[in-house]
> 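My questions all concern the structure below.
Note: hydrogens, waters and symmetry copies are ignored here, and every other heavy atom, side chains too, is used. Proteins come first, then strands; the chains are lettered A, B, ... in the order of their sequence lines, and each starts at number 1.
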2 protein chains.
Amino acid sequence: MSDGALWSALADPHRRAIVALLLERPRPVGEIVEACGLSQPSTSKHLKVLREAGLVRVRQDAQRRVYALDPAPIAELDAWLAPYRKLWNRSLDALGRRLDETAPDDPEED
Amino acid sequence: MSDGALWSALADPHRRAIVALLLERPRPVGEIVEACGLSQPSTSKHLKVLREAGLVRVRQDAQRRVYALDPAPIAELDAWLAPYRKLWNRSLDALGRRLDETAPDDPEED
DNA sequence: GTCATTTATTCCTTGACGGGAATATAACTG
DNA sequence: CAGTTATATTCCCGTCAAGGAATAAATGAC
């Protein structure tokens with residue numbers, strides 16, 4: 001049960017957006033600034049939080065700093081989730097899926 | 001309802017502790033208070049946050065209110081996690097190949 | 001009805017977090 | 001060296017969340 005830093009890092013929607021961006025490919029800060037519509041300092045601060053949570057790594061390329069996802073903490077999340085996944089598998093089973101309360105699946109994030 | 005409420009609810013360690021308690025079994029507020037070492041009002045407020053995030057349900061039993069986990073939001077988390085899980089599976093795979101360095105070619109691809 | 005029990009809510013204070021502007025640092029260019 | 005680009009850091013401020021104390025509300029017992 002190491003870090004609450006992981007959870008609090010992902011609690012912010014902007015940071016989740018950054019993480020989603022980095023899922024596609026590694027990006028320099030400038031790209032992230034542009035994509036998120038945040039100011040550069042704000043973006044740098046969010047990146048610092050993500051860095052300290054271990055969620056991203058930085059590679060230096062001349063003046064640019066290219067950020068990339070580090071998969072390990074996500075695995076930690078997955079491990080945390082495991083017991084609960086059992087639970088909802090069980091209850092889905094119990095429901096017998098006769099109740100379709102939310103059929104449409106929307107992957108929209110924030 | 002891709003709500004940030006889910007994330008911010010789970011960002012708090014006390015609330016994660018409550019969720020973990022409810023994973024074992026449904027419990028009335030008093031038990032949660034005792035187990036978490038929080039004050040009763042504070043506990044009630046955390047429960048309210050969890051309720052509004054959809055993470056718990058309440059059943060009334062005389063004066064007691066028995067809280068239980070609702071598995072659905074956890075499934076939402078799991079869905080969010082899915083693309084990242086692919087990523088770390090891939091990198092574990094890449095690591096495995098690196099350790100198993102028998103191939104003469106460079107197998108690195110996308 | 002009054003009283004006890006259990007839980008929720010309100011008020012208040014404090015501390016942490018996010019955003020913007022300005023500034024600092026680092027790396028490349030000429 | 002000075003100048004430019006790219007990123008990080010600092011300072012200040014507004015907002016929001018968390019905790020404690022006191023109180024309210026709901027339920028049950030008498």
> May I ask you to evaluate whether A:Tyr67 reaches the phosphate of D:dA6, defined as a side-chain N or O under 4.0 Å from OP1 or OP2?
no
> Rounded to the nearest 0.5 Å, what separates atom CZ in A:Arg85 from atom CG in B:Leu77?
10.5 Å
> Among residues at least two apart in sequence or on other chains, which ones pass side chain to side chain contact (heavy atoms under 4.5 Å, CB included) with A:Lys48?
A:Arg51, A:Glu52
> Mind checking whether A:Val56 and A:Asp70 have side chains closer than 4.5 Å, heavy atoms only?
no
> Tell me which pairs pass ring-ring contact (aromatic ring centres under 6.0 Å, His included) where either residue lies in residues 15-40 of chain B, with sequence neighbours left out.
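Qualifying pairs, neighbours excluded: none.
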> Specify whether A:Trp7 and B:Trp7 have parallel, tilted or perpendicular ring planes, treating 30° as the upper limit for parallel and 60° as the lower limit for perpendicular.
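Because their plane-to-plane angle lies in the 30° to 60° range, the rings of A:Trp7 and B:Trp7 count as tilted.
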> Going by heavy atoms closer than 4.0 Å, what residues in residues 31-38 of chain A are next to DNA chain D?
none
> Any pair with a residue in residues 53-74 of chain B that passes ring-ring contact (aromatic ring centres under 6.0 Å, His included), sequence neighbours left out, goes on the list, sorted by first then second residue, please.
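Sorted result for residues 53-74 of chain B: empty, none.
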> What does the inter-axis angle of the helix from C:dG1-D:dC30 to C:dG30-D:dC1 come out as, five pairs per end, nearest 10 degrees?
10°
> Work out which heavy atom in B:Ala11 is nearest to a heavy atom in A:Ser8; give both atom names and the distance.
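Shortest heavy-atom contact: CB-CA, 4.5 Å.
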> What I'd like to find out is whether the side chain of A:Ile74 reaches to under 4.5 Å of the side chain of A:Leu6, using heavy atoms alone.
no
> Name every donor-acceptor pair, under 3.5 Å, that has one atom in a side chain of residues 35-43 of chain A and the other anywhere in the protein, sequence neighbours excluded.
from: A:Ser39; atom 1: OG; to: A:Ser42; atom 2: N; distance (Å): 3.2
from: A:Gln40; atom 1: NE2; to: A:Ser44; atom 2: OG; distance (Å): 3.3
from: A:Thr43; atom 1: OG1; to: A:Ser39; atom 2: O; distance (Å): 2.7

> Can you tell me how far C1' of D:dT10 sits from CD of A:Gln40, to the nearest Å?
13 Å
> Using a heavy-atom cut-off of 4.0 Å to chain B, what are the terminal contacting nucleotides of DNA chain C, in 5' to 3' order?
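For DNA chain C, the relevant span reads C:dT5 to C:dT10.
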> If you look at every strand shown and take non-hydrogen atoms under 4.0 Å, does A:Pro41 touch a base, only sugar-phosphate, or nothing?
base
> Where do A:Ala53 and A:Ala5 come nearest, in terms of heavy atoms and distance?
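Closest pair (atom of A:Ala53, atom of A:Ala5, distance): CB-O, 3.7 Å.
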> Is there a side-chain contact between A:Val58 and A:Val66 in this structure, where contact means two heavy atoms from C-beta onward sitting under 4.5 Å apart?
no
> With side chains defined as the heavy atoms from C-beta onward, is the minimum distance between A:Tyr84 and B:Asp78 less than 4.5 Å?
no
> May I ask you to decide if A:Val49's main-chain N or O and A:Arg15's side chain share a donor-acceptor pair within less than 3.5 Å?
no
> Would you mind listing every salt bridge (Lys or Arg N to Asp or Glu O under 4.0 Å) that reaches into residues 53-65 of chain B, with sequence neighbours excluded?
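Passing the test, one end in residues 53-65 of chain B: no pairs.
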> Heavy atoms within less than 4.0 Å of DNA chain C: which residues of residues 43-58 of chain A have one? Give them sorted by number.
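Per residue number, the list reads A:Lys45, A:His46.
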> Which of residues 12-21 of chain B sit near DNA chain C, with a heavy atom under 4.0 Å from it?
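Within this stretch, nothing sits under 4.0 Å of the strand.
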> Looking at every non-hydrogen atom in both residues, tell me the closest pair between B:Gly54 and B:Pro73 and how far apart they are.
O-CG, 3.1 Å
> Considering only distance and modelled atom types, tabulate donor-acceptor pairs under 3.5 Å from the side chains of residues 17-29 of chain B, sequence neighbours left out.
from: B:Glu24; atom 1: OE1; to: B:Arg27; atom 2: NH2; distance (Å): 2.6
from: B:Arg25; atom 1: NH2; to: B:Glu31; atom 2: OE1; distance (Å): 3.4
from: B:Arg27; atom 1: NE; to: B:Leu21; atom 2: O; distance (Å): 3.2
from: B:Arg27; atom 1: NH1; to: B:Glu31; atom 2: OE1; distance (Å): 2.9

> Protein-nucleotides 24-30 of chain D N/O pairs closer than 3.5 Å?
from: D:dT27; atom 1: O2; to: B:Gln63; atom 2: NE2; distance (Å): 3.4

